[in-house]
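See structure below.
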Protein chains: 2
Amino acid sequence: MMTKQNLIDYTLHLADNALIIGHRNSEWCGHGPILEQDIAISNIALDYIGQARNFYQYAAQLQGNAATEDSLAYLRDVVDFKNCLLVELPNGDWGQTILRQFFFSTYQYFFFQQLQNSLDEQLAAIAEKALKEVTYHVRWSSEWAIRLGDGTEESKQRMLLAVDELWSYTGEMFQEAGYERLAVSEGYGIDLTSIKNSWDAKIKSVFEEATLSLPTVAWMQSGGKEGQHSEHLGFVLGEMQFLQRANPGAEW
Amino acid sequence: MMTKQNLIDYTLHLADNALIIGHRNSEWCGHGPILEQDIAISNIALDYIGQARNFYQYAAQLQGNAATEDSLAYLRDVVDFKNCLLVELPNGDWGQTILRQFFFSTYQYFFFQQLQNSLDEQLAAIAEKALKEVTYHVRWSSEWAIRLGDGTEESKQRMLLAVDELWSYTGEMFQEAGYERLAVSEGYGIDLTSIKNSWDAKIKSVFEEATLSLPTVAWMQSGGKEGQHSEHLGFVLGEMQFLQRANPGAEW
């Protein structure tokens, strides 16, 4: 039997991932070091807000009770958010932003490829639509990772620091939360072990081209998917939700 | 005889207008009260950054001396910026942002309609390209202005406050700066008096539909086009130029 609450949680997890990394990327909007790339990262941010809307709309429809995409985005608390820790980390410098984008886009790429075949038609349709954008995100971020990794001495050093900073947050993407395990058994969720090898192989190949070495560290952070977040998410939500909470329902 | 410096100044004025209002709109990115409108205002911001790039690229080409779109956007000082004061004002609330957008988009619409016929082919081409976006900006912002003006008691009050706040900044758009006067006499610039009537008529008609009354105040602010800016522009540039100035030429 499908458990509706689990499908809602699964959908919210996907929505929250997109909303939070979209918000992080949007912090570059108007602050990028180069106008052309400022536009690129801002467009990617908008792709994510679009993905988030699709998932939130579906979650709201499942939930009923006057839930809306906006109430789900703006009126839930930190412990209700189910995004991976990776996407809530501060942007760091441009290299760190690029590397996070590459790690996460590659994950999304293989994930949405599978989700297209979900038994849940709505999730399948959203995944299919998002996949085109995500394919571009992977290409864009991997090209940048190679350009910076195999660039100047300084850009290489910064990329190595970014790898150190981010690597331990990559494991959580493949670590099943309770609602993911149930989603798999109910036939609409993705078996994360089935995409881990593809992710590893893509990262390895881009790292080789970028002359970066893969970390050997085994310890991985986790908790975000189950609502245990870093202090960073509180600040993100504080900023993002301020207007809606200060004037509930108002359009200011 | 065409004076090249005047054409550069004229082009920079158009670029600065677009960059600064684009940056202001991008401050809503990830902070809007409604996901759908967050995306709309962010897309408009990206349209402006695109316009700014086109004008800066042309100005850089005219200027030579290793000038680039990025050096013109990120390495000039407050007194070098030639944008109208209207676009540098803080966003205020959603109603004020909408009203500024409506005032400025309507101005751009009639301006670019004329600029399409400029003797300068580059300016004409940029105007023609931008006009499609600007047409949408006018429609979007006028629909919102009507919705808010003719909305609830609170939304109407806020729109009236926004009118008070912004009206005295609308005159500068039609007040010729020195480089505009010369641009007209040299055949590539727009006679601002020729578009003032169209602007007035459009504002009047939307205000009527929005049940807002037109201010009668005659005093108008000015100075921005000639580099005399409010303190607000300093903060905008401080935020926007920080990265490029902290790491000149670096891509972080």
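In the text below, chain A, chain B and the rest are named by the order of the sequence lines, each starting its count at 1.
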* Asked: Is the number of heavy atoms from other residues, nucleotides or ligands under 6.0 Å of A:Glu165 CD greater than 12?
  -> no
* To do: Could you tell me which portion of A:Asn43 (side chain, backbone, both or neither) has an atom closer than 4.5 angstrom to a non-hydrogen atom of chain B?
  => both
* To do: State whether the number of non-hydrogen atoms from other residues, nucleotides or ligands found under 6.0 Å of A:Tyr109 atom OH is greater than 12.
  => no
* To do: Determine which residues belonging to residues 50-68 of chain B lie within contact range of chain A, meaning some heavy atom pair is under 4.5 Å apart, and list them by number or answer 'none'.
  => B:Gly50, B:Arg53, B:Tyr56
* To do: Answer yes or no: does atom CD of B:Gln122 have more than 12 heavy-atom neighbours from other residues, nucleotides or ligands under 6.0 Å?
  => yes
* **ring pair (Phe, Tyr, Trp, His ring centres under 6.0 Å) involving A:Phe103 - partner list, sequence neighbours excluded** => A:Trp167, A:Trp199
* Asked: Given that the side chain runs from C-beta out, which part of B:Ile98 has a heavy atom under 4.5 Å from chain A: side chain, backbone, both or neither?
  -> neither
* **Separation of A:Leu46 CG from B:Ile39 CD1 (nearest 0.5 Å)** => 6.0 Å
* Asked: Are any of the side-chain heavy atoms of A:Ile34 and B:Tyr74 separated by less than 4.5 Å?
  -> no
* Asked: Taking atom CD of B:Gln5 as the centre, does the number of heavy atoms from other residues, nucleotides or ligands within less than 6.0 Å exceed 12?
  -> yes
* Report the option among B:Val236, B:Leu19, B:Asn25, B:Ile49 that has the most heavy-atom pairs separated by less than 4.5 Å from atoms of chain A. => B:Ile49
* What part of A:Glu36 is in contact with chain B, defined as an atom under 4.5 angstrom from a non-hydrogen atom: side chain, backbone, both or neither? -> both
